[in-house]
Each structure stands twice: as structure tokens, then as C-alpha cells.
Engineer: 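Below: one structure in C-alpha cells.
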Amino acid sequence: MKLNKTYEAKNFEADIYQLWEKSEAFRPSGQGQPYSIVMPPPNANGSLHVGHALFVAVEDILTRYHRMNGRDTAWIPGADHAGFETWVVFERALEAEGKSRFDYSRDELYEMTWNFVADSRGGMEKQLRALGASCDWKSLVFTLDPKVVEIVYATFKKMWDDGLIYRGERIVNYCTHHHTSFADIEVVFREEQGHLWEIKYLVDGDSLVEYITVATTRPETMLGDEAIAVHPDDEKYKNLVGRSVILPIVGKKIPIIADDAVELGFGTGAVKITPAHDPLDFQIGQRHGLPITKVIDEDGRMTNVPEEFMGLEAGEACQKVVERLRQEGSLGKVEKFTHQVPHCYKCGSVIQPLVKDQWFVAVEKLASNAKKALQQGKIRFVPAHKGDELIRYFDELRDWNISRQIPWGIPIPAFQNVDNPDDWIFNADVDKEYIEVDGRRYRRDDDTFDTWFSSGQWPFIVTDYLADGELKRFYPNAVMETGMDILRPWVARMIMLGLYVTGEVPFREVYLHGIVNDEHNQKMSKSKGNVIDPIDTVAEYGSDALRLGLVSARSAAQAQAFSPDKVIAGRNFCNKLWNMARFVEGQVANETNKQTGAVTFGDPLFAQKLTFVADSDKSGSFETDKGRKVSKSDHSSLTVYDHWVLSKLQHLTNELDKLIKDYRFAEAAETLYHTVWDEVADWYIEAAKQGSGVLEFVLETVLKLAHPFAPFVTETIWTTLHDDDSLLIGQQWNREFDFNPKLARDFEKIKQLVTAVRNTAENLDGGEQTLIYHDSKLVADHENLIKNLANLENLFPMENPSGLRIAGHIQAWLAADKAKIAAYKAKISAKIDEADNLAENLEKRLSSASYVKNAPKHLVKETRTQLAETEKLIKSLTEELEGLE
RNA sequence: GAAUCGCUAGCUCAGUUGGCCAGAGCGCCUCGUUUACACCGAGGAGGUCGGGGGUUCGAGCCCCUCGCGAUUCACCA
């Protein structure tokens, strides 16, 4: 045998992937019921982290499983231009060259970024291949592909026509470093130490000197104050409402207004209102028709303020304003204050709330339709509570700002009349900066779409659903598998936009995986230096091992640690499969050798195999199809362990069906692992050393069942053992196994006997063991098998046996001398105690009238049986003990 | 401040509508050179399921409460 003793993943994986890809096995078959998954597109020029490896594992298991069970399967990959993410990287590179975005036009920047991305593209796809992703590369879509833009524009137009798009001045979250606005969801709040400053505003009019005191964390914004607000029911200020105060420093008169948004009894009860720089103030300003004075510009500098403050950064202005207030005597108490401050999630700059003219999506109708669909159960969520979370989210969702001030993205197809700022028209001719329509001149909007606006349409875009394309049958998708961290920004938007554009939910089910933390359950981050690169793990342990390791220590939507031990267990499992195959190979070689004298497998190295397969050379003499179908007429030639292993494979198949349907990947992987290892390898293969009629069939079945979980090693074995050009990826699972349950049970009895013998033998000093039995046809019929499995020196029947009685129904004794027997007594006593305890428990349960009355009948019956068996066991153990004395 | 999730063996985690003396991987202990595999085989130790209370014939699972951790949301001047 020339194959290595251990499976070295790195020697095979790349070649195997190439085989798959060349064979077009990833393409939809066109046969059977459609099953589709749309891949959450990874960043086109980024590299994958271990979280990606988890999604690949999960989506690939689903895809391969359904492919091998007769479904017409499409896993559609994508690449994301990742608007802001990529822009940040690009701009950093630009700055490193001493250049700035302001040195170029928008079109130039777009082209430069395009080239930048093109240069560093492809790494992500390579990594997906290394992870074994069986996705249909031919249907890959890049988020800036013309067809994407086309559909996004059509949707924008439709929404425009339906009145769901509006342009308006609103407070937006603005990063003065990146010069773009953000959605609410993109802002991170961090706790900061600051001050709470009290400012006194002189009430205008009366000769009486009267002040209203307000508190603020940002005194510099007072320069843009337009009102003082109090609660309408606040007795303290009731008579002041409608009057004015003098704005310190600036000297202008601003009104005192009443508004419910002011919390009664909080602080001084009065609030300064700066409509241009605070979301709540903006709302209050809208309600009261207050003017909007912007005092901070998009660079974060002061504007529209008295000369001495002009151009100062907000922070500096704060100091200076406080200083001036103090001089004027308008400054009240100053206290230390801890509060949450919004930051840019990328650069950490403080987010400035600014009033900007932007495009908004009116979400109310979209959100209520989405909510209705969820309430009607049109989408199944795993875990289910995430669906409830989305329902709540749809309730509180606010209008969605889709304008971004970065060049890297899909340009917004809207043009503004140069002579009339309120005249906006839709036009997709975004290559031109100016267009003329009906004799009027229009200028293109400089902004691009929020990437979630386009990716929110992903499921129907990539399936060409609207264009009646080839993949149309794959919409709605069978399942959306993605991270729980993008439930709101992505999943929620896909549901809203999918329903709006296609009238259908975009997917039937949503499975959310959790974050992969490091092995100490700490969140991975570059700054902590604890990031695990999946490709390193693949290089060390193999892609299958990583996949098994990731999937097995994990449940849905749960942030959990990465467990290297589970990866090692996965690696060991692959090696187990490998060695089972080596054994089968050897057995079959012997057979074939006897018949033909030829052995062809095993010795070609894998590289040769590749050529072999590519040439479709069918001259090989290895016939693995033998035993594929076990017909009833074959039963006579099958052994008890053949029947037994077939029953185990049937059970495993059924279990995997059930578990995968419920997205219980950890349990599925574990069930596979233990059936293959603890049943097939430890018992069947051992027994099969006596010969078996289904050896190859069992191996093939195991390979098929394991394939979705460990695709590389199973395919490597398959192609190595097959001289035709068949690939495992394209095989169908065996669904019905023909076995005799009674014979299967016979082996189960033998297995129990063997276990009990080993158990007892363990308590002896070792050495050669002799088993004596009485009146058992089963043992008599399988003497050799039992001898080998239990590692016995002798096995024979006897009329009046003696020695150590083996626990169980079969009457058998291990031969032992007096010394050994004495050592064994203690163990028997312990066992009796244990059984006594159990019996006592069971009796207690049965003596409770309410248990017998209320518990399901089968349970009561089971308890009775168990009690009877336990009592029998106690009796036989006691007899055994007495027999020893 | 609110919501959600979690707290099970030394470590990382399973445990589906409450029902076999609570499971896995790795680690640990004992033994083993049976020619598929030491990335192995056989046997074994180890848990009052975060604390307390309740419902039930029966609770790791349901309810209440407290503690600890994570995540998300909202931000009050």
C-alpha cells in the first residue's frame, strides 16, 4: 500500500477543488426542486477572517447536502464593493502619497478606486476556494456590475414615483474626517468624561432682572440657539412662555417656547434649542417653525458666528465660548459629567449632527408590510427570537438616509435644476455632470447610495428575477444565511425592498450564525492582535478540519469561542475516514488480487490520478459498485454485522435529514462523527476483518454522508478509489437501506457481550482470557467473531461453567483463578449498590400514584420494564457474588 | 436606562415541545507494539447544570428573584 498512513490535507485540497470546478459540479443541475442560497458578498478586495470561514462551512454544508439529495442547487457568490469600507482604505492610501480627495473630481476618484480594487481583487475568491465553497462561480455578481446599477436605479425610480423617496433637510450623523453622513445604525456611542455647563439667559423686556438657566454639554452650539424650551405644564416657567431671552455673546432675541419633549422636572427644566446641531432640537425647531442657523460646518469648524469664533474647531470654540460667558457673567455652575458621545465607527472622530439636504426613504409603509409578512410567518427564523426582534425594529424604524458623500459607490441618479434648487429630476445618465432637459440645465447630485440600499435588493438582483433570467427559479431564496450583526442593516432591508419590488419575501428562512470569538472568548480585533486567519488553520490542519471544528462547537446566533481542540478533533476524524478507506482498499485489493492479479489503486499518486480522471480512462479494474444495492436475495450472504451496520447507516441518514432541516449543525456533525467512529469504525470495521459483503458499500455510504461536512477528504478518497471519472460531489445519498432488524439486533447482543467481557477482563490482571458459555446458539454461531472482538484466547461451551459471570442475558463466564475472583468481588458489590440505588429510584417513581396517573403511558411502561430489568440484574449479580464465595 | 442572549465536567461547548442514574471534544488516569489508523485501541475518573424561591408525579429545560457576563437599542439637555 503506497498511500500515506495519515491524511495530509494540504497535498490534495487544491487539486480536488480544481477537479470540482472543472467538472461544473457547482452549477445548478436544472433537475429537481430549486434550492438556493445567496452568499453575503464578502468585500471584493478584502481578505476573509474566521467568521467568513464559519459562513462558508454552514452554507456549503447546506448546498452539498441538498445537491446530494436531488435538489436543483444554486449557491450564488458575490463580491462587495463595500462602499465606505473600501473608500476608507483607498483614502488612506491616497493620503499616504500626500494627496487628498479634494485634488480630484468625483469621476476621477471613482475610476482610481475602481483600479485600486481591481488590483487587489481576487484574494477573497481564492480563500473561498481554499475553504471548499461549492458555489456557482459563473453566476458571481459584483455589487457594481451594470445589472446591479440598472436594477437599483429602477427601484429608486419606482420609489420616487410612488412618493417613497424624498429630499429634505434633516439632521444627519456627519463624520468631519471622512466628510460623509451615516445612517443611525453606523454610529457608535462611547462613554466620555465631559462637563455640564450652566448658562444663564436674560429674559427680555421687564425692567426686572430675570434669568433662565439651562445646562449643556456643548456650549459652543449656543451660538446657534434659536429658542429656549420648557415643558408646557411647568409652573415655574408658565408665565414666561411666549416671551424672549437675549442670547449671550450674540445678543439676539430668541423666543421661549413650550414643548412636550422637554422632560418635566429634569435639570433646570429649561433647554436651549439648537435646531442645526441636535436631533431633538431639530424636531422641536420643526414643530415651532424655528429658523436653522448652522454654526458648525462640514469640516467641524465654526461658521456664521461672531468674528472671534469664526473658523475655530468645535473643541476650541467650546473653551472660548465658556471664557466669554464667564466674562459676561452668564456662566453658571460647571460640573463633571459622563455621557455617551457618538463616534465614527471607522476613524473614531466625534460625529457632528448637522443639517444637510439628503435623499431619504420614507420607511413607514415598507416597514409595516415587512412586519406584516413576519407576523404572518412567511419567513422562518433560526433562532426564532430574531424574527421577533425584527418585528420590533420595524416598529421603531425611522426614515432612512440613503445619501453618502463618498465617490466610491453607485451614483444617485438625480439631477438638480441649476436655476431652481427645488427642481430635482430622476435621470440615469450619471456619466454626465450636466444634462439639459426641456431647455433647462440640470446638475448631477454628487452623492452616492448607501451600500445597504443596493445590497438590500441583492436576492432578486443576483437571480435575475425581474429580467426573467436563467436563475429566476431561485427567487425567493430557500434560506438567507448570515451573521446576526447585520440582521438590521441587511436582512431587514432585503425584506422591505424584496416585498416592495417583487411582492414576495426574498427568502423563506433565515439562519443566523454568531460571532466567532478567539479561543478565550474575547472578541477578535486587529488592535488586540488576536485575529485568527482561517487560511493559517487550513494550512495546518486542513480545510475539512477547520470546517468541522467551527461547526461543532456552535449554536445559532451565539457569540462563541473558536476552539482549536475541535479543529484537532476534526482533523482526527478526517484521518479516521482516510484509514477506514485504506483498510477497505486493502481488503478489496486482496480480493481483486486473488481474482485478477491486478492492483491499480493506491499506487498512483494523486497527480497521476488527476490526469487519469481528466482523460476519462476507464481501464481500471477496481469495481466499487459491488454491493451498492443490497437486494433481498443477497441477504443470505450478509453477516449479522452487515445487517447491523446498515441499520446504523439508515439511522444516521435519518438523523442528518432531521438535524440539517433544523439547522442543528453541531449536533449533525457530532452524530456523524460518533456513528462513523464509534459504530462503523470501532465495531463494523473490526468485525469486517472476518469478511463482509457490504464493505465497499458501507465505505461509499459513509463518504456520501460525510461529504457535506468534510468535502475534501471524502472526495480525495472517492476519486482515488474510483478509476472512472465520477466525483463524490455529484453522487446522490442512499436513502433506504435493506437490512434484517432481527439480525442487526443479534449483533447488538454480541456487541453487548463483548463490551461486558472487556469490562470484566479489565479487572483481571490482563494476559490471555478464556470465555466459557452455556446454551447460546448466538455465541456458538459467532465464536470466531466474538473471540476476535473480545481479544480472547479461547472460547468454548461447557455444561457446568464457572469463573466470573459476564453481565447480561447471555450465560458466559470468564475463566479465573481464586485470586482474580477475590479481586473482582469488590467491583460486583459496587455494581449491586449502584443497581440498588437505581431500583429504589424507580420504585419511588412508580409508587407515586400521580406519576402513574399523569405521566405518558409509554413512560410508565418503560419505567416498569426498567425496574424489572434492574431487579433481574441485581438478582444475577447477587447470585454471581454468592457464587464467588 | 431598556431589551435580548448566556452562566452545564479542568477548558470550549451540546442538551428540540419538562420524562431513561446529565453528554461531546480536548485535557487527565490505567493498560495496550491484535499488520486501517498512536491524528490509534480498550477501560476509567471528573458535574449539588450561577445563588435562592416557586409550579409539577417529575425541572438543566417553565415562573419569580438575585448575582455575573455578552450583545443590541435608546439616549435627557
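In what follows, every chain begins at residue 1, and chains take the letters A, B, ... in the order their sequences are listed. Predicted, not measured: the structure shown is a model, and the values here were computed from it.
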Engineer: So, does A/Asn759 get its side chain near the phosphate of B/G44, meaning an N or O under 4.0 Å from OP1 or OP2?
Structural biologist: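 Checking B/G44 against A/Asn759, a side-chain N or O does come within under 4.0 Å of OP1 or OP2.
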Engineer: Starting the side chain at C-beta, find the nucleotide from B/C37, B/A36, B/A77 nearest to A/Leu196.
Structural biologist: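 Of all the options, the side chain of A/Leu196 is nearest to B/A77.
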Engineer: Could you please name the option among B/A3, B/A36, B/A42 that lies closest to any side-chain atom of A/Arg582?
Structural biologist: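 The closest nucleotide is B/A36.
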Engineer: Which sits closer to the 5' end of RNA chain B, A/Asn521 or A/Met580, going by the nucleotide each is nearest to?
Structural biologist: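 The answer here is A/Asn521.
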Engineer: State, without any angle test, whether A/Thr268 and A/Lys236 hold a side-chain donor-acceptor pair at a distance under 3.5 Å.
Structural biologist: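 Not at all, the side chains of A/Thr268 and A/Lys236 share no donor-acceptor pair under 3.5 Å.
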Engineer: Using side-chain heavy atoms (C-beta onward) and a distance below 4.5 Å, is A/Thr482 in contact with A/Leu512?
Structural biologist: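 The answer is yes, as the side chains (C-beta and beyond) meet within the 4.5 Å cut-off.
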Engineer: Does a side-chain N or O from A/Trp677 land closer than 4.0 Å to OP1 or OP2 of B/G25, or not?
Structural biologist: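 No.
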Engineer: Base of B/C20, side chain of A/Glu862 - is there a donor-acceptor contact under 3.5 Å?
Structural biologist: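 For A/Glu862, whose side chain was compared with the base of B/C20, there is no donor-acceptor pair (under 3.5 Å).
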Engineer: Does A/Ser555 make a side-chain N or O approach to OP1 or OP2 of B/A14 shorter than 4.0 Å?
Structural biologist: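 For B/A14, OP1/OP2 do have a side-chain N/O of A/Ser555 under 4.0 Å.
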Engineer: Side chain of A/Tyr673, heavy atoms from C-beta onward: which of B/C13, B/A42, B/C26 has the nearest atom to it?
Structural biologist: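 Of the candidates, B/C26 comes closest.
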Engineer: Would you indicate, yes or no, if B/C40 has its OP1 or OP2 atom less than 4.0 angstrom from a side-chain nitrogen or oxygen of A/Arg571?
Structural biologist: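 No, because none of the side-chain N or O atoms of A/Arg571 sits under 4.0 Å from OP1 or OP2 of B/C40.
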Engineer: A/Asp565 side chain: which of B/C75, B/A77, B/C26 is closest?
Structural biologist: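 Output: B/C26.
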Engineer: Which of these nucleotides, B/A42, B/C39, B/U34, is closest to any side-chain atom of A/Asp682?
Structural biologist: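 So the nucleotide nearest the side chain must be B/A42.
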Engineer: Tell me whether the OP1 or OP2 atom of B/U34 has a side-chain N or O from A/Asn788 closer than 4.0 Å.
Structural biologist: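 Negative; the distance criterion is not met.
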Engineer: Base of B/C37, side chain of A/Lys576 - is there a donor-acceptor contact under 3.5 Å?
Structural biologist: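 Donor-acceptor pair under 3.5 Å: yes.
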Engineer: Under 6.0 Å from the ring centre and within 45 degrees of the ring axis: does the NZ or CZ of A/Lys371 meet both conditions for the six-membered ring of A/Phe394?
Structural biologist: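 Judged by the rule, A/Lys371 and A/Phe394 form no cation-pi pair.
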Engineer: Indicate the atoms forming the closest heavy-atom contact of A/Val230 with A/Ala270, along with that distance.
Structural biologist: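 For A/Val230 and A/Ala270, the tightest heavy-atom pair comes out as CG1-CB, 3.9 Å.
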Engineer: Tell me which pairs pass side chain to side chain donor-acceptor pair (under 3.5 Å) where either residue lies in residues 854-866 of chain A, with sequence neighbours left out.
Structural biologist: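 For residues 854-866 of chain A: A/Tyr851-A/Thr863.
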Engineer: Determine: side-chain N/O of A/Arg845 to OP1/OP2 of B/C21, distance under 4.0 Å, yes or no.
Structural biologist: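 So the side-chain polar atoms of A/Arg845 do come within 4.0 Å of the phosphate oxygens OP1 or OP2 of B/C21, strictly under.
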Engineer: So does A/Lys386 get a side-chain nitrogen or oxygen closer than 4.0 Å to the phosphate oxygens (OP1/OP2) of B/U4?
Structural biologist: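 Checking A/Lys386 against B/U4: no side-chain N or O falls below 4.0 Å of OP1 or OP2.
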Engineer: Using heavy atoms to find the nearest nucleotide of RNA chain B for A/Gln560 and A/Asn579 separately, return the residue whose nucleotide is more 5′.
Structural biologist: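 In this pair, the answer is A/Gln560.
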